[in-house]
Amino acid sequence: MPELPEVEINKQYFDLTSLNKEVTDVLVRDDRILELEAEEFKELIIGNKFKSTIRHGKYFFVELDSFYMLLHFGMSGDLKYFEKMDDEPKYSKIIFHFKNGYYLSYISIRLFGSVEIVKDVNDFIKKKKLGPDAFKMTKDEFLQATKRRNGMMKNLLLNQEFIAGVGNVYSDEILFRSSVSPKRKITDLNEKEIDMIFKQIKEVLKFGINKRGDWTSYPEDSLIPHRKNNNNCPSCGERLSIMEASGRRGFYCSKCQI
DNA sequence: AGCGATGTTCGCCG
DNA sequence: TCGGCGAACATCGC
């Protein structure tokens, strides 16, 4: 549940289910996900309300009275709003109980990601050195960044200090639709290609949100459904190639992506 | 049984 | 200073 579109879906889900309801209890099922003591966390949240939310890249901030609760979903985080304790989802780590009787669970299978308290969103973004949110990034910011950076294009897309929100899967799709190889050096890209990549960042992420993060319903001509060993390019039929960038496996077509 | 998985971080090296 | 690499974190599923 992790790249920008999935986090955005979680934000919409959170806003719809969990805003402006008094939290009457907090159940900590596994405190390893918490960046602070469970007791301290409970004290801050219980009796409070979630007032609003902000998403920056893959980071999700929930506003409370004088601070923010930050949720990062890691590789396997999710949210679930439910009515009866019998329906508590598997791998729940933190559960908020609302005055109306419902619960909201922060789910995480692999325990990557975290739940923490931050004073100020902008300070946090600055401290983490996060780049602009992928949706808010302007073309000018993108151009500037490509000029002062080197290395492989895929690494740049995965670098949250450059652009916040793009992860491994969507970076593959963005480069596929741009006909640019993930291994291309940033300095070698021409203006047209940079324009195309910028455009595809927005379109691919927007498409992901419209699909509500459901990769099984992608059209056949997308790369995402084919990101598997021994699969072929949906465009030319060539066997897909695999490369590594930032420790992640990238899939691409060596024929269609230059 | 072993390996890879939507992420981040840190130390090391050139 | 930057870019790249490998490992570490924890756990599930193929």
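Labels below follow one simple rule: chain letters A, B, ... track the order of the sequence lines, proteins then strands, and each chain is numbered from 1.
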Watson-Crick or G-U wobble partner of B:dT6, both distances under 3.5 Å:
none
Does atom NZ of A:Lys51 have more than 12 heavy-atom neighbours, drawn from other residues, nucleotides or ligands, at distances under 6.0 Å?
yes
From NZ of A:Lys185 over to P of C:dC2, roughly how many Å is that when rounded to an integer?
17 Å
Option from A:Arg249, A:Arg227, A:His226, A:Arg177 for which side-chain hydrogen bond (donor to acceptor under 3.5 Å, both in side chains) with A:Asp172 holds
A:Arg227
Side chain of A:Phe251 only, please: which of B:dA5, B:dG7, C:dC12 is the nearest?
B:dA5
With sugar-phosphate meaning primed atoms plus P, OP1 and OP2, does A:Gly247 contact a base, only sugar-phosphate, or nothing at under 4.0 Å between heavy atoms?
nothing
Within this structure, what is the CD1-to-C1' distance between A:Ile174 and B:dT6, rounded to whole angstrom?
13 Å
Once you apply a heavy-atom cut-off of 4.0 Å, does A:Tyr91 come out as touching a base, just sugar-phosphate, or nothing?
sugar-phosphate
side-chain N/O A:Asn155 vs C:dG3 OP1/OP2, d < 4.0 Å
no
Between atom NZ in A:Lys129 and atom P in C:dC2, what is the gap in whole Å?
9 Å
Given A:Phe96, which partner from the list A:Phe14, A:Tyr103, A:Phe50, A:Tyr106 fulfils the ring pair (Phe, Tyr, Trp, His ring centres under 6.0 Å) test?
A:Phe50
In the structure I gave you, are the side-chain heavy atoms of A:Phe73 and A:Phe60 within less than 4.5 Å of one another anywhere?
yes
Under a 3.5 Å cut-off for both contacts, is C:dA10 paired Watson-Crick or G-U wobble with anything, and if yes, with which nucleotide?
none
Over 12 foreign heavy atoms within 6.0 Å of CD, A:Gln12
yes
Of the nucleotides B:dT8, C:dG4, B:dA5, which has the atom closest to the A:Met152 side chain?
C:dG4
Does C:dC9 have A:Phe112 stacked on its base, where the ring centres are within less than 5.5 Å and the planes differ by under 30°?
yes
Atom CZ of A:Phe162 to atom P of C:dG4: distance rounded to whole Å?
13 Å
Which nucleotide in the set B:dG4, C:dA10, B:dT6 lies at the smallest distance from any side-chain heavy atom of A:Leu111?
C:dA10
How close or far is atom P of C:dG4 from atom CZ of A:Arg149, stated in whole angstroms?
10 Å
Consider only side-chain N and O atoms of A:Ser179 and A:Gln257, and report whether a donor and an acceptor are under 3.5 Å apart.
no
Between A:Leu70 (CG) and B:dT8 (P), how many Å, whole number?
11 Å
In whole Å, I'd like the distance from the CG atom of A:Asn159 to the P atom of B:dG7.
13 Å
Think A:Asn150 has a side-chain N or O under 4.0 angstrom from the OP1 or OP2 of C:dC2?
no
Classify the nucleic acid contact of A:Glu244 as base, sugar-phosphate or nothing, counting any heavy atom under 4.0 Å across all strands shown.
nothing
Is the closest side-chain donor-acceptor distance between A:Arg248 and A:Asn155 under 3.5 Å?
no
Expressed in whole Å, how much space separates the P atoms belonging to B:dC3 and C:dA7?
13 Å
Write down the distance separating the P atoms in C:dG6 and B:dG4, rounded off to the nearest Å.
13 Å
Nearest-Å distance, CG (A:Asp78) to P (C:dC12)?
16 Å
Would you say A:Lys128 places a side-chain N or O within less than 4.0 Å of OP1 or OP2 belonging to B:dT9?
yes
Taking only N and O in the side chain of A:His72, is any of them less than 4.0 Å away from OP1 or OP2 of B:dT8?
yes
Side-chain donor or acceptor of A:Arg248 under 3.5 Å from a matching atom on the base of B:dA5?
no
Once you apply a heavy-atom cut-off of 4.0 Å, does A:Lys228 come out as touching a base, just sugar-phosphate, or nothing?
nothing
At less than 4.0 Å, is any side-chain N or O atom of A:Arg110 found next to OP1 or OP2 of B:dG7? Yes or no.
no
Just compare C:dT11, C:dG4, B:dG7 and give me whichever is closest to any side-chain atom of A:Arg32.
C:dT11
